[in-house]
Protein chains: 2
Amino acid sequence: MKSYGQYCSVAKALDVVGDRWTLLIVRELITQGPCRYTDLRAGLPGIASNLLATRLRELEAAGLITRTAAPPPVATTLFELTDRGRQLKDVLDALGRWGVDFMVTADGSDAFRSTWFTFAAENFLSDTDPAAPEVTIGLDAGDAPVHIAVGGGRVELRRGAAPAPDLTLTGEPRLIMGVLAGKLTLQDARSAGLSAAGDLTVLARVGRV
Amino acid sequence: MKSYGQYCSVAKALDVVGDRWTLLIVRELITQGPCRYTDLRAGLPGIASNLLATRLRELEAAGLITRTAAPPPVATTLFELTDRGRQLKDVLDALGRWGVDFMVTADGSDAFRSTWFTFAAENFLSDTDPAAPEVTIGLDAGDAPVHIAVGGGRVELRRGAAPAPDLTLTGEPRLIMGVLAGKLTLQDARSAGLSAAGDLTVLARVGRV
DNA sequence: CGGCATCCTCTTTGATACTG
DNA sequence: CAGTATCAAAGAGGATGCCG
């Protein structure tokens, strides 16, 4: 990217991460951990292959990611965030919180990966009863399952199916999002195709920030 | 901007503010308040005029700014952030904090406006003695003067010269930044051309976050 | 003067195909 | 698997002109 040429910390930050796709690559590496090239492509539907290669080179040159040749049996290149790269989580959190409103009103034509719930869920949900025992809500939106762990005042999205979820929401991403965001009643979501199995009262445990 | 087409709050946010120059326009409106077209151009050196006009239209369509015809004697169009637009301050804060490191190492060829110190100063300085009386540090980097007000646990950058600054730093932006960031000793900065007039002990009042 | 629109060039991105 | 190569399309940058 051409530098803005401005002595301003915001402009300097955007000089490095303001390019198209760059912050979404960081999003993948933050939510997924070290990734292969192929993993990144899968998590970034729409990106052109040459552009991904270019961005990875730029991110490496900027010191935000490292490229390591994993030993057998993996035998592949792994892209991983440096500490400096991981510090961008605060930026993604801020963007994720600001962007939540757009998710509720989005139409159904978007691509979806379950890990993308991370920045929405962790930034606008909160544990309304930190002293109560931890509860988990399993989410299944057709993609790989994830679950939300709520407890100790923290809300965290984790990969994989919950071992013993208190509640499981199955259905389209928009319905799950609508219910979690409190923009959709459970009734409405159910009649639109969402299925909710388990203890429905745990929904009250996650309040909007 | 072409939408990423991803059902992710980060991607949705970037669909709206991910375009080149967009967040810097928001920066100007946050640090300066309502601006005329000409004010924006002055605060965004390097932007093409047609591009600014395009971005302003997009921001208005997205509901982040409003355009109001100011009555005489001003008799001009004023661009102003909506609440939704102002909520982007958190994003700019996060970017500003992340980008501070780049300012210390930047070369001297960048454009500079004193209000650009805002996101650097407010995000990496802190009031180390909240109970002590407020102190102000005047900054004069050749541009319009600004001053940092430190007190009550808060650090704020304000426009204009301080009425009675406890300390005044005059010199190149990088020298002022280096001293505030603690990356440059006052001696080194002075021999590089910085002048510091007043009570030097107030520098200890602003610690790095 | 303030707020653009036009025209032109150059760079970046996108889509797809191909390769060690 | 991890990229290049190629080419078309879109966007950005810069100069200038227009109109109240």
Side-chain angles (χ1 to χ4, degrees), chain A residues 1-6 11 14-25 28-29 32 34-62 65-80 109-111, chain B residues 1-6 11 14-25 28-29 32 34-62 65-80 109-111:
Chain A
M1 156 174 279
K2 189 182 170 190
S3 168
Y4 287 107
Q6 300 186 353
L14 291 174
D15 280 347
V16 179
V17 298
D19 263 327
R20 190 158 166 80
W21 292 107
T22 300
L23 280 176
L24 295 187
I25 294 173
E28 287 304 304
L29 291 169
Q32 311 259 25
C35 285
R36 296 173 300 173
Y37 189 89
T38 313
D39 300 330
L40 289 170
R41 283 195 74 168
L44 296 163
I47 197 171
S49 179
N50 58 350
L51 196 49
L52 175 55
T54 301
R55 289 286 179 274
L56 289 172
R57 261 194 306 269
E58 293 166 346
L59 283 168
E60 194 183 4
I65 66 172
T66 57
R67 179 190 306 251
T68 56
V74 187
T76 184
T77 312
L78 281 182
F79 297 93
E80 188 169 8
S109 63
D110 289 323
Chain B
M1 157 176 278
K2 190 183 170 190
S3 168
Y4 287 107
Q6 301 186 352
L14 290 174
D15 280 346
V16 179
V17 298
D19 262 328
R20 189 158 166 82
W21 291 107
T22 301
L23 280 175
L24 295 187
I25 294 172
E28 287 303 302
L29 291 169
Q32 312 258 25
C35 286
R36 297 174 298 175
Y37 188 89
T38 313
D39 300 330
L40 288 170
R41 283 196 72 168
L44 297 163
I47 196 172
S49 179
N50 56 352
L51 195 49
L52 176 55
T54 302
R55 289 286 179 272
L56 289 172
R57 260 194 307 269
E58 293 166 346
L59 283 167
E60 194 183 6
I65 66 172
T66 56
R67 178 189 308 251
T68 56
V74 186
T76 183
T77 314
L78 280 182
F79 298 92
E80 189 170 6
S109 63
D110 289 323

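Proteins get letters first, then strands, A, B, ... in listed order; numbering begins at 1 in each.
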Ignoring hydrogens and angles, answer whether the base of [N] and the side-chain atoms of [X] contain a donor-acceptor pair closer than 3.5 Å.
X	N	result
B:T76	C:dG2	no
A:N50	D:dT6	yes
A:S49	C:dT16	no
B:D19	D:dG11	no

Grab the [atom1]-[atom2] distance between [X] and [N] for me, whole Å please.
X	N	atom1	atom2	value
B:E58	C:dC4	CD	C1'	15 Å
B:L52	D:dA15	CG	P	17 Å
B:I47	C:dC4	CD1	P	13 Å
B:F79	C:dG3	CZ	P	6 Å
A:I25	C:dT13	CD1	C1'	13 Å
A:L56	D:dG3	CG	P	7 Å
B:L44	C:dG2	CG	P	16 Å
B:R20	C:dT11	CZ	C1'	11 Å

Need to verify one output field. Residue with the more 5' nearest nucleotide on DNA chain D, B:G46 or B:M1?
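Its nearest nucleotide being more 5', the pick is B:M1.
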
Judged by each residue's nearest nucleotide on DNA chain D, which is more toward the 5′ side, B:A48 or A:A53?
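In this pair, the answer is A:A53.
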
Would you indicate which nucleotide in [options] comes nearest to any side-chain atom of [X]?
X	options	value
B:R57	C:dT13, C:dG3, C:dC4	C:dC4
A:Y37	C:dA5, D:dG3, C:dA15	D:dG3
A:R55	D:dG3, C:dT13, C:dC4	C:dT13

Can you tell me if [X] touches the phosphate of [N], counting only side-chain N or O atoms and a distance under 4.0 Å to OP1 or OP2?
X	N	value
B:K2	C:dT12	no
B:W21	D:dG11	no
A:R41	D:dC1	no
B:R36	C:dC1	no
B:R67	C:dC4	yes

Is the ring pair B:W21/A:Y4 parallel, tilted or perpendicular, if the boundaries are 30 and 60 degrees?
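If you compare the ring of B:W21 with that of A:Y4, the planes turn out perpendicular.
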
Where is the tightest heavy-atom contact between A:A62 and A:V16, given as atom of each residue plus distance?
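The answer is CB-CG1, 3.9 Å.
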
So, for B:S3 and B:D15, which heavy atoms are closest and what is the spacing to 0.1 Å?
OG-OD2, 2.9 Å

Look at A:E58 together with A:R55 and state whether they make a salt bridge at an N to O cut-off of under 4.0 Å.
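Here A:E58 pairs with A:R55 in a salt bridge, since their nearest N and O are under 4.0 Å apart.
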
Does either side chain, that of A:S49 or that of A:Y37, offer a donor lying less than 3.5 Å from an acceptor on the other one?
yes

With nearest nucleotide decided by heavy atoms, which residue, A:L51 or B:T77, maps closer to the 5′ end of DNA chain C?
B:T77

How long is the span from the CG atom in B:L44 to the CD atom in B:E28, to the nearest 0.5 Å?
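If we round to the nearest 0.5 Å, B:L44:CG and B:E28:CD are 4.5 Å apart.
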
